[in-house]
2 protein chains.
Amino acid sequence: MVQKESMKPRGRPRQFDRETALDAMREVFWNKGYAATSLDDLCEAAGLNRPSLYNAFGDKGQVFLGVLDAYVAAVRPRYEAAFRAPGNLRQVMKGIFRTAADIYRVMDKDGGRGCLLIGAALTDATRDPHVGEAILTQLQDMEKGFLWLFARAKADGDLPAHADPKTLAKLASSVHTALSVRMRAGEPPESLRAYVEAMIDLICPLPAQASPSV
Amino acid sequence: MVQKESMKPRGRPRQFDRETALDAMREVFWNKGYAATSLDDLCEAAGLNRPSLYNAFGDKGQVFLGVLDAYVAAVRPRYEAAFRAPGNLRQVMKGIFRTAADIYRVMDKDGGRGCLLIGAALTDATRDPHVGEAILTQLQDMEKGFLWLFARAKADGDLPAHADPKTLAKLASSVHTALSVRMRAGEPPESLRAYVEAMIDLICPLPAQASPSV
DNA sequence: TTCTTTTTGTACCATTTTGCACAAAATCCT
DNA sequence: AGGATTTTGTGCAAAATGGTACAAAAAGAA
């Protein structure tokens, strides 16, 4: 049996793509939050009937956690690329927040919904601790990324000698968090841009220079 | 008829106190968010039957907005007192965040739920723009309060001459917002305290001094 | 006392929601 | 070909949900 194992699983093949279904369901959760999203909503978005949905993804709570995991996995490489982008600190910071804005925006609509974890999942952290854990992990990862960025920037001379990368990382992470809240609440894009710009100016007090960093 | 008006309204008197009912329903919404809170939950918390609830507060959405308004009205004087408290900037900042922690904590339980508007209402900003407006108004009011505080602190010598109160106000407001998110997500109290402490240190870079301010 | 008004209590409704049963369809294995 | 396995489709049950009808209760006004 071990050596007779076929590449193809037995049984009827799936008619849907798991990733595509998760992405579609994420959109619904992102707009409505967990509790206001019904199984009918999910089935319609995923293009599946009830038993297929349950069979593939589990019950509603498990679908939600699956969607959160897929979201985190999807945004991670985008943020990593933004943190690692070439340029001086100010340029990289702008790129990071541009990445955030891209992730959070709604197609064909002004404004955005903020981060899925903050705008749509935070309310449910009291219902399921796994949700809270996912949020905290993401916040901590963002803070770590900023810490890495600021330590490098300090070594490159993009930050003053007295700057403390740990504290600045907490600040930048807070700005990133507050951005999602303000966006979800409906603050206009120009206002959000001005907000981010002011916070970047605060974090990067040195004048922009052509960075010789490696 | 005008001069015959009695102080007492006609009809059967109400058997409940409106404020008490709103407070009790706020607790449920604060824990569960809007969509996961049922009419049964609300009736039980308020001690009312369905028609009484509808008669006094309107439908579910109107109850929610009423609860948000009552919350904002209740926390406003507490924050105002904290902003106006005597002491140097660092002391006042500590008092403000202590006030926030007091408002957001859960009785007989470690941790808290964060601000009602952020922890429980933010998800629903996409469903009802009134919710988003309430959140943005509250965020703006907090920022205004910090601006007032920092302008005063600068005049008092509690902030360096080059400090920009407008930018610092945005920063402090962001910290306040992020605090709610982190608390709701389940971050331990000691960790939150360290976070707030670090942010206060960043905002108040001058050594603590006995403030001669009026 | 009767009438009017407001509130409460009981009961109910129509719809929605979550999850499941089971047969048919579509595959691989023997 | 038949059996086993997995997926899909149809249908359903029980519970939950938001909201309403209406009569009784509790008051003020005439």
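Numbered from 1 within each chain, the chains take letters A, B, ... in sequence-line order. Treat the numbers as computed from the prediction; the structure is a model and nothing was measured.
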To the closest 0.5 Å, what do you measure between NZ (Lys170(B)) and CD (Glu143(B))?
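Result: 4.5 Å between the selected atoms.
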How long is the straight-line distance from CG of Leu202(A) back to CG of Leu171(A), given to the nearest 0.5 Å?
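The CG atom of Leu202(A) is 5.5 Å from CG of Leu171(A), to the nearest 0.5 Å.
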Do Ser174(B) and Tyr195(A) pass the side chain to side chain donor-acceptor pair (under 3.5 Å) test, and can you show the C-alpha distance, the side-chain angles, and the key distance before you say yes or no?
CA-CA 10 Å; Ser174(B) 301; Tyr195(A) 162 68; 2.5 Å; yes
Quick one: do [X] and [Y] make a salt bridge, cutoff under 4.0 Å?
X	Y	answer
Arg193(A)	Glu197(A)	no
Lys32(B)	Glu27(B)	no
Asp201(A)	Arg90(A)	yes
Arg76(B)	Asp141(B)	yes

Give me the residues of residues 14-22 of chain A where at least one heavy atom lies under 4.0 Å from an atom of DNA chain D, by number, or none.
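Arg14(A), Gln15(A), Phe16(A), in order of number.
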Counting only heavy atoms and a strict 4.0 angstrom limit, can you tell me which residues of residues 32-43 of chain B come near DNA chain D?
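Residues of residues 32-43 of chain B that come under 4.0 Å of DNA chain D are, in numerical order, Thr37(B), Ser38(B), Leu39(B).
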Which of residues 47-61 of chain B sit near DNA chain C, with a heavy atom under 4.0 Å from it?
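Heavy-atom contacts with DNA chain C come from Asn49(B), Pro51(B), Ser52(B), Asn55(B).
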Checking the side chain of Asn88(A) only, and the main-chain atoms of Gln91(A) only, is there a donor and an acceptor separated by less than 3.5 Å?
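Side chain of Asn88(A) to backbone of Gln91(A): a pair is present.
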Check: Asn49(A) side chain, Ser52(A) main-chain N or O, donor-acceptor pair, under 3.5 Å
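No.
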Starting at CZ of Arg12(B) and ending at P of dT7(C), how long is that distance when rounded to a whole Å?
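Atom CZ in Arg12(B) sits about 10 Å away from atom P in dT7(C).
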Is there a ring-ring contact (aromatic ring centres under 6.0 Å, His included) between Tyr79(B) and His176(B)? Walk through the geometry before answering.
CA-CA 12 Å; Tyr79(B) 275 123; His176(B) 182 255; 5.6 Å; yes
